[in-house]
Each structure stands twice: as C-alpha cells, then as structure tokens.
Number of protein chains: 2
Amino acid sequence: MQISSRFTVAVHTLLVIHTFKDQKTTSDFIAASVQVNPVIIRRTLLSLKAAGMVEVRAGSGGASIVRDLSDITLYDVYRAVECVDGDLFHFHENPNPACPVGRNIHAVLDCHLADAQRAMENELKKVTLLDITRELQTKLN
Amino acid sequence: MQISSRFTVAVHTLLVIHTFKDQKTTSDFIAASVQVNPVIIRRTLLSLKAAGMVEVRAGSGGASIVRDLSDITLYDVYRAVECVDGDLFHFHENPNPACPVGRNIHAVLDCHLADAQRAMENELKKVTLLDITRELQTKLN
DNA sequence: TATGGTTGTAATCGATAAGATTACATCAAA
DNA sequence: TTTGATGTAATCTTATCGATTACAACCATA
C-alpha cells in the first residue's frame, strides 16, 4: 500500500498557485496542470486553507499562498492533506494477550515503527516550498 | 493511507516461531496469537519462505527460521511481505507536460520523496530480529 | 441588481486492495 | 491408510481513493 497522491497533488497545486500568481488560479486552471478532477483540487485547497497556507476566493475565484514559502515544509503539506491518523504503519488489531508474544508485540515493535516514521517525516521537514520553487526555477531556465 | 498490517503480522509470526521453537508452530497456532485468519498466516509464511527466512513443513506442519536472527532486519521482513513496487509515495499519474509546473514536478519532487522513503527504510535496517527477541525476552522477565 | 463564473460540498460510482472465510487438492508422517 | 497440515484458488465484505455530477452559495461586475 502507498501513501495517496493527495500529497503530490497538493505540492503541485501550491507550485501552480505560486508560478501563476499573476493570474487567477481557479480550481479548473490548477486541475488542468495536475490533470485530475477540479473537485479534487477544491478539496485539496480546503485542506491547505484549513492549514493556513492558502486563501481561496469563493465567488470571484482563485487562490493565493498566504504564508512565506520558506515557512512551508513538505511535511506541513503532507500533514495538511494526508489522512494519517498519526501512524504510518497499520498494526494488526487484536494480538492475543494470552500469548507472551501477543501480549508484548506492541511494546517491542511500536518504538521502532515510530522511529522509522519519524525519520521519514524529518526528511520531509528539511525541504521547504522555497527550496522547491527555486529548483523549479532552475529547471525552467 | 497506511502501510498494511502484513508487516507487523510478519514480525509477529517470526517472533512466535522463534519463541515457541520447541513446539510445532502451525498456521493455526500462530494465527491464535496474531488473531487473524490462519490463511493470512500461511500466505505470510509463503512470502517469508520466498525470502529465505523460514522453512515450512507441508504435511507434517510447522515452520522454522532458517537464517540467523542477527541477519534479518525489520527492513528485510518489510520487503518480504509488503507489496511495495518500490515507491512509498503515490504520484498522480499524468501531470500536464504542456504546463511548466506539470512538466517539471517529477524532476523537482522525486528526489525528495526518495530521500524520505530511504530514511524510513534505513531506520528499519538498523533493527534486527535478534534485537527484537532480546527486547521481548526482557519484557518476559 | 441581475448575471456568470467560481467555490463549497454532498452524493454516487468504479476501481483497487486488504483481510476473512470457505473449500479442497496435496502432502508427509504415524 | 488415516490424520492433520500446508498450498492455493475463489468469493465476500469493507475501506479508501479518485472521478464525476449536481447544485446551492458566493461575489465581482456589467
């Protein structure tokens, strides 16, 4: 199983808003670049808005980024749109407490899973949208 | 979306086989500890066998670990049972090449996603089954 | 203020994947 | 040969994602 594309869609969305900040970046416009349904983009924007990253103009249309790009990490975007209830690894629900292994499996495994998840998240925290937009600019030249 | 429970089920399975190595660890026996259907355990064992970690006695029943515990990392188990085609993050399929963002989104994002995935996997590589069994033994005392 | 384009949001659909379960052929040892 | 396991296919349920349709609410502007 994979982490859903909501994350990459959200990053793409933010990059479009930034790149075309002089135009009206409607959900249809963004959807044309991402090539997903506009409703997906609207839902993505709702999540990003809830996280305080963008503002969306209902009625007139368009979205803008309202936080400094250097203050938005990939991790922030990941958390804003991904439905992770906190745990990356799904644990089987009912290990048998009557068994010494079942009774202790969580105690011996949880910390290692948390370490792995944290390592992944820390990597995402290292990269800001500013970094990404600069890399994008380099590609465009 | 989460990584499936196949991974934690597989680790649990290996721990049961090791902990009860003096008994006949059938799929029913293991399933009773994990509390999943025995067929799930049999499929898990098939994967672990394909990865050269266990041998399973068809007919007579039971499974054994056939590699040194210090030579089996959590990452090995993860790869053996998890259907990851390689990528942890699912990328939206068709970014629009006619858009400067769509055309370059992979170029600017892929390496960061790979870094994050690698960081997670490296953490899993640090932990061996020997470590886990020792921690389990500590809990049991 | 009437219009038209846009957002917010619900509802439905199809696809995919996981795990549960049933069934049974195959196998190996007693 | 009987008995208890494994190997494996098939089916079912459930959950989630993304696509899609539909429409009310919204707002700038003509």
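Side-chain atoms are counted along with the backbone in the values below, which use heavy atoms only and exclude waters and symmetry mates. Numbers restart at 1 for each chain; the letters A, B, ... are given by sequence-line order, proteins then strands.
Between A/Arg134 and A/Asp131 there is no salt bridge, since none of the side-chain N atoms of the basic residue sits less than 4.0 Å from a carboxylate O of the acidic one. A salt bridge links A/Lys126 to A/Glu123: at least one charged side-chain nitrogen sits closer than 4.0 Å to a carboxylate oxygen.
Taking atom CZ of A/Arg57 as the reference point, atom P of D/dC26 lies 18 Å away to the nearest angstrom. Whole-Å rounding puts the B/Asn37 CG to D/dT14 P distance at 16 Å. Protein atom CD1 of A/Ile3 is 16 Å distant from nucleotide atom P of C/dA17, rounded to whole Å. The distance between atom CD1 of B/Ile41 and atom P of D/dG7, rounded to the nearest whole Å, is 13 Å. Counting to the nearest Å, the P atom of C/dG8 and the CG atom of A/Leu45 are 7 Å from each other. Rounded to whole Å, the distance from CG on A/Asn94 to C1' on C/dG19 is 13 Å.
Residue B/Lys49 places at least one side-chain N or O closer than 4.0 Å to OP1 or OP2 of D/dG7.
Checking C/dG19, D/dT8, D/dA19 against the side-chain heavy atoms of B/Ser5 singles out C/dG19 as nearest. Considering only the side chain of B/Leu46, D/dG7 comes nearest among D/dG7, C/dT7, D/dT6. Closest approach to the B/Ile40 side chain among C/dG19, C/dT7, D/dC17 is made by C/dG19 (side chain taken as heavy atoms from C-beta onward). Residue A/Val39 places its side chain closer to C/dT9 than to any other of C/dG8, C/dT9, D/dA28. Here the nucleotide nearest the side chain of A/Arg42, chosen from C/dT9, D/dG7, D/dG18, is C/dT9.
Closest non-hydrogen pair, A/Leu136 versus B/Pro100, comes out as CD1-O, 4.1 Å.
Mapping A/Arg6 and A/Pro38 onto DNA chain D via the closest heavy atom, the residue that lands nearer the 5' end is A/Arg6.
Here the CE atom belonging to A/Met120 is positioned 4.5 Å from the CG atom belonging to A/Leu88, to the nearest 0.5 angstrom.
Shown here is B/Arg67, whose CZ atom has more than 12 heavy atoms of other residues, nucleotides or ligands within 6.0 Å.
Between the side chain of A/Arg43 and the base of C/dT9 there is no donor-acceptor pair of N/O atoms closer than 3.5 Å.
Residue contacts shown for B/Gly61 are limited to sugar-phosphate atoms, with no base heavy atom under 4.0 Å away.
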